[in-house]
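Structure record follows, encoded as structure tokens.
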Amino acid sequence: QVNLVESGGDSVQAGGSLTLSCSASGLQSTNYCMGWFRQAPGKEREGVAAIFSDGSTTYADSVKGRFTISEDNAKNTLYLQMDNLEPDDAAMYYCAAREGYTSNWGRAPRANDLVYWGQGTQVTVAP
């Protein structure tokens, strides 16, 4: 059973930084994809960033240059470093994963690209 648990959400001022973490357990394959998504009230879930088992990454245009996705395989943990946060970044952030070989899509992840989901961690950005 795959279990994903996010942490690190907080309330920050615009221009500030946060690092989100996702602790993953139960993933069996060495081929996988993991990603971060966000959903603000009244809006659709949006793909933010993804990382593939070959180490390549992809980002939504809205976060390129400000957010960095990374992983620590020894700790089975996925990270999202968020810098220069803007009020529009405020949302519930979700970690997601899928197993099996997945080539880099060259685009932001979409919700139906991933199979397993965490419960989310809240990010608030004050103007």
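None of the values given here were measured: they were computed from a predicted structure.
- Pairs passing the side chain to side chain donor-acceptor pair (under 3.5 Å) check and including a residue from residues 69-78, sequence neighbours excluded, read Tyr32-Glu71, Tyr32-Asn73.
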Enumerate donor-acceptor pairs with a distance under 3.5 Å from any side-chain N or O in residues 14-25 to protein atoms, sequence neighbours excluded.
{"residue": "Ser17", "atom": "OG", "partner": "Asp83", "partner atom": "OD1", "Å": "2.8"}
{"residue": "Thr19", "atom": "OG1", "partner": "Gln81", "partner atom": "OE1", "Å": "2.4"}

*Quick one: do Leu27 and Met34 satisfy side chain to side chain contact (heavy atoms under 4.5 Å, CB included)? Show the steps, please.*
CA-CA 11 Å; Leu27 290 171; Met34 297 191 74; 4.3 Å; yes
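- Of all the heavy atoms in Ala60 and Gly47, the pair that sits closest is CB-O, 3.4 Å.
- Within the model, atoms CG of Asn104 and OG1 of Thr57 stand 7.0 Å from one another, a figure rounded to the nearest 0.5 Å.
- With rounding to the nearest 0.5 angstrom, the CE atom of Met92 is 9.5 Å from the CZ atom of Arg45.
- Residues satisfying the side chain to side chain contact (heavy atoms under 4.5 Å, CB included) test with Ala40, not counting sequence neighbours, are Lys43, Ala91.
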*Show your working on side chain to side chain contact (heavy atoms under 4.5 Å, CB included) between Gln39 and Tyr93 and close with a plain yes or no.*
CA-CA 7 Å; Gln39 189 167 19; Tyr93 281 72; over 6 Å; no
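- Interatomic distance, Tyr94 OH to Trp36 CH2, rounded to the nearest 0.5 Å: 12.0 Å.
- Under the ring pair (Phe, Tyr, Trp, His ring centres under 6.0 Å) criterion, the residue pairs touching residues 104-127 are Phe37-Trp117, Phe52-Trp105, with sequence neighbours excluded.
- Between Lys64 and Asp61, at least one side-chain nitrogen of the basic residue sits less than 4.0 Å from a carboxylate oxygen of the acidic one, meeting the salt-bridge criterion.
- Contact check on Arg107 versus Asp113 returns a salt bridge, with a Lys/Arg side-chain nitrogen under 4.0 Å from an Asp/Glu carboxylate oxygen.
- Leu114 CG to Arg98 CZ: the interatomic distance, rounded to the nearest 0.5 Å, is 7.5 Å.
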*Starting from the C-alpha separation in whole Å, work towards a yes-or-no answer on side chain to side chain contact (heavy atoms under 4.5 Å, CB included) for Leu80 and Val48.*
CA-CA 9 Å; Leu80 185 69; Val48 174; 4.2 Å; yes
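- Val2 and Gly26 make their closest contact through CG2-O, 3.7 Å (heavy atoms, listed as atom of the first residue, atom of the second, distance).
- Partners of Asn31 by side chain to side chain contact (heavy atoms under 4.5 Å, CB included), not counting sequence neighbours, listed by chain and number: Ser29, Ser53, Tyr101.
- Here the CD-CD distance, from Gln28 to Glu99, works out to 6.5 Å after rounding to the nearest 0.5 Å.
- Without hydrogens or angle criteria, Glu6 side chain to Gly120 main chain gives a donor-acceptor distance under 3.5 Å.
- The shortest heavy-atom contact between Leu78 and Cys95 is CD2-SG, 3.9 Å.
- A distance of 4.5 Å separates CG in Asp89 from CZ in Arg38, rounded to the nearest 0.5 Å.
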*Would Thr124 and Val12 satisfy side chain to side chain contact (heavy atoms under 4.5 Å, CB included), going step by step from the backbone distance to the final call?*
CA-CA 6 Å; Thr124 304; Val12 297; over 6 Å; no
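- Qualifying ring pair (Phe, Tyr, Trp, His ring centres under 6.0 Å) partners for Tyr59, counting only residues two or more places apart in sequence or in other chains: none.
- Between the side chain of Arg66 and the backbone N or O of Asn84, at least one donor-acceptor pair lies under 3.5 Å.
- Nearest approach of Ser62 to Glu46, heavy atoms of both residues: OG-OE2, 3.5 Å.
- Across all non-hydrogen atoms, the minimal contact from Pro127 to Pro87 is CA-CG, 4.1 Å.
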